[in-house]
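Worksheet: the structure to be examined is printed underneath.
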Amino acid sequence: MTTIIWFRRDLRLQDQAAVLAAVRRGRPVVPVYILDDDTPRHRRMGGASRWWLHHSLVSLDESLRKLGSRLILRRGPAAQVLGKLARECKASAIHCLRHHEPWWRNAERSLQELLPVGTSLIRHDGLYLLPPGSITTGSGTPFRIYTPFWRAMAKAMPPALPRAAPDHLPAPENWPESENLKDWGLLPHSPDWSTGMANFWTPGEDGAHDRLDEFLHRARGYGDTRNLPAQPGTSFLSPHLHFGEISPAMVWHATMNAGGSVETFLKELVWRDYAANVILQFPDYGSANAREAFDRFPWRDPVERDVNRDLMAWGKGLTGYPIVDAGMRELWATGWMHNRVRMIAASFLVKHLLIDWRVGEQWFWDTLVDADYASNAVNWQWTAGSGVDSNMFVRIMAPLTQSEKFDSADYIRKWVPELAHLSKMHIHDPEEYGMRPAAYPSKIIGHREARERALAAYATIKGAGSIDDEAMARFEAAA
Ligand code: FAD
């Protein structure tokens, strides 16, 4: 009889409840990762995530080998593959961390039905600070808006203290067959676009801890610098948190112990829990508007040539808006983009170009190393105003003002080298000052024209039942 550990977005050994529980049973342990590109409606990982996954799996396998174990790799529909493996290994239990993406919830359900008699699936918490769904309003309903959610979370904190990794994993007498990671083709080739990512990131548990240690020296300054893209003000922990290479509880406690006022950072960390709570309530959040009125919104269709041209200009960082272009090029090069710039770039796609937020969500899904179903969808719907929180319904971010306000000159110089010679005064809007070099494109649409077009489009759904009164009042004031 063996025990299986089913790894998914929880690729670590420290503070990993499934690993600890499996070892405690005292039976031989078989750790497995299954690449599922096959289950219908399972969201296939994007290109940047696949690059990360490859390296993170290498790292996890190395760590397991140091403890006398190894990682078994399989491909296919996860529930079926795991059911088959459980039979092969005569497993009496499968331990895993509970996941909340709709396709993982479905897989967990299917697995319960497929498991041989005598094999149980045991799910543990640990992907979030608190189990999604466990924090509710006074009347027991789930929170929809972030601020009250944060208040309730803050009261329930701190999370449980993190637990150390086991010092040994008992191995089975015979290992089940494993596929070869290289055969999975997770790494890009012809062309290999991953050099910039490899220079910037170290996927894996050790890389996650190094990032955290480095951030702890800067954590006190987070509140002042987190919005300044030219400075290393944020933690850069998002891909490590997404792949579960470090637990959020560990990040919470380490940051608290670093001293100083770290509340602003902890509030951001709680956004991650908030997003998971939203997708638990609305599993289709990545593809369906939370506000039905948006189903009638007059998005421009990227199948049309001029719309597609605009979309490509946005994706390649050639919009003529330096802050947007710097962000999109940072994304292309490193698989990551500063949060403030994500907001500006996303708003630009949705409001300036009137392209459906779902197109942007998909673009980010493919290109971000931290692409996360919950966080990505929640932030895109928030930007569009179509989400549960209608705060951004009417806000049309002015990229040029934002660029100046958040002191982005050096950030633009780094990512848009054609503009590197421009002064702090001219670099945010070179066209306006007649300083645009020939190598840099003219704006694909003027800000005023874009703003008027967006307001007109938003006006077509005003008064629709599912847009709340407060959002409408703000809309009337801005229009
Ligand atoms: P820090 O500022 O150091 O924050 C610490 C951690 O808190 C982050 O690592 C992240 O886990 C969490 N966090 C911070 N802000 C948010 C937020 N707004 N929403 C959810 N979690 C947050 N984040 C993702 O992890 N994956 C995504 O796919 C993703 N897509 C986004 C799409 C858009 C349009 C926008 C505007 C934001 C998106 N974010 C996403 C949120 C945010 O931009 C990143 O989490 C952040 O930039 C990561 O950098 P950091 O680790 O240095 O963050």
Side-chain angles (χ1 to χ4, degrees), residues 9 43 45-46 48-49 52 101 127-129 132 146 149-150 153 200-201 208 211-212 214-216 218-219 221-229 231-248 250-252 254-255 262-279 285-286 314 324 327-328 330-331 334-351 355 357-387 389 391-392 395 397 402:
R9 292 199 299 102
R43 249 208 195 201
M45 252 182 233
S49 299
W52 189 286
E101 289 89 344
L127 284 195
Y128 295 95
L129 289 164
Y146 171 76
F149 177 79
W150 153 253
M153 282 286 288
F200 192 69
W201 300 104
R211 276 281 178 207
L212 176 62
E214 186 272 322
F215 172 63
L216 293 177
R218 303 185 277 108
Y222 180 84
D224 297 326
T225 54
R226 74 186 180 104
N227 270 315
L228 307 177
Q231 296 200 26
T234 67
S235 69
F236 301 100
L237 280 168
S238 51
H240 298 291
L241 280 163
H242 169 73
F243 281 95
E245 297 166 352
I246 192 164
S247 76
M250 209 163 224
V251 174
W252 179 285
T255 317
V262 289
E263 186 174 296
T264 312
F265 176 75
L266 298 177
K267 266 186 174 163
E268 292 304 308
L269 197 58
V270 165
W271 264 95
R272 200 175 156 269
D273 275 59
Y274 167 71
N277 272 270
V278 172
I279 62 146
Y285 212 74
W314 177 78
V324 175
M328 295 307 290
E330 179 182 34
L331 174 60
T334 68
W336 184 90
M337 195 197 303
H338 188 276
N339 180 58
R340 171 59 47 182
V341 192
R342 287 189 205 198
M343 285 157 63
I344 299 168
S347 172
F348 189 85
L349 184 80
V350 171
K351 308 243 163 97
I355 293 178
W357 63 267
R358 285 167 280 216
V359 178
E361 194 269 350
Q362 279 294 327
W363 191 286
F364 274 25
W365 179 258
D366 195 35
T367 52
L368 280 171
V369 284
D370 62 26
D372 181 271
Y373 180 70
S375 297
N376 202 28
V378 164
N379 281 285
W380 274 99
Q381 292 230 41
W382 176 80
T383 304
S386 59
D389 175 345
N391 204 20
M392 293 296 279
R395 266 193 75 194
M397 279 184 149
Q402 290 274 318

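In each ligand, atom 1 is the first atom listed, and ligand 1 is the first ligand listed. These numbers come from a predicted model, not from an experiment.
- The aromatic ring centroids of Tyr274 and Trp150 lie 6.0 Å or more from each other.
- Counting only N and O atoms by type, the side chains of Asp372 and His242 include a donor and acceptor under 3.5 Å apart.
- Looking at Thr225 and Gln231, their side chains never bring a donor and an acceptor atom within 3.5 Å of each other.
- For the residue pair Glu245 and Trp52, a side-chain donor N or O sits within less than 3.5 Å of a side-chain acceptor on the partner.
- Separation of the Phe265 and Phe215 ring centroids falls under the 6.0 Å cut-off.
- A cation-pi contact, defined as under 6.0 Å to the ring centre and within 45° of the axis, links Arg43 to Trp365.
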Pick out the protein N or O atoms lying less than 3.5 Å from any N or O of ligand 1, and list each pair with its distance.
from, atom 1, to, atom 2, distance (Å)
ligand 1, 2 (O), Tyr222, OH, 2.5
ligand 1, 3 (O), Ser235, N, 2.8
ligand 1, 3 (O), Ser235, OG, 2.6
ligand 1, 7 (O), Glu268, O, 3.3
ligand 1, 9 (O), Ser238, N, 3.1
ligand 1, 13 (N), Glu268, O, 3.3
ligand 1, 15 (N), Glu268, OE1, 3.1
ligand 1, 18 (N), Asn379, OD1, 3.2
ligand 1, 19 (N), Asn379, ND2, 3.0
ligand 1, 26 (N), Asp370, O, 2.9
ligand 1, 26 (N), Asp370, OD1, 3.3
ligand 1, 28 (O), Asp372, N, 3.0
ligand 1, 30 (N), Asn376, OD1, 3.1
ligand 1, 39 (N), Arg342, NH1, 3.4
ligand 1, 43 (O), Asn339, OD1, 2.7
ligand 1, 43 (O), Arg342, NE, 3.3
ligand 1, 49 (O), Trp336, NE1, 3.3
ligand 1, 51 (O), Ser235, OG, 3.4
ligand 1, 51 (O), Leu237, N, 3.0
ligand 1, 51 (O), Ser238, N, 2.9
ligand 1, 52 (O), Thr234, OG1, 2.7
ligand 1, 52 (O), Ser235, N, 3.2
ligand 1, 52 (O), Phe236, N, 2.7

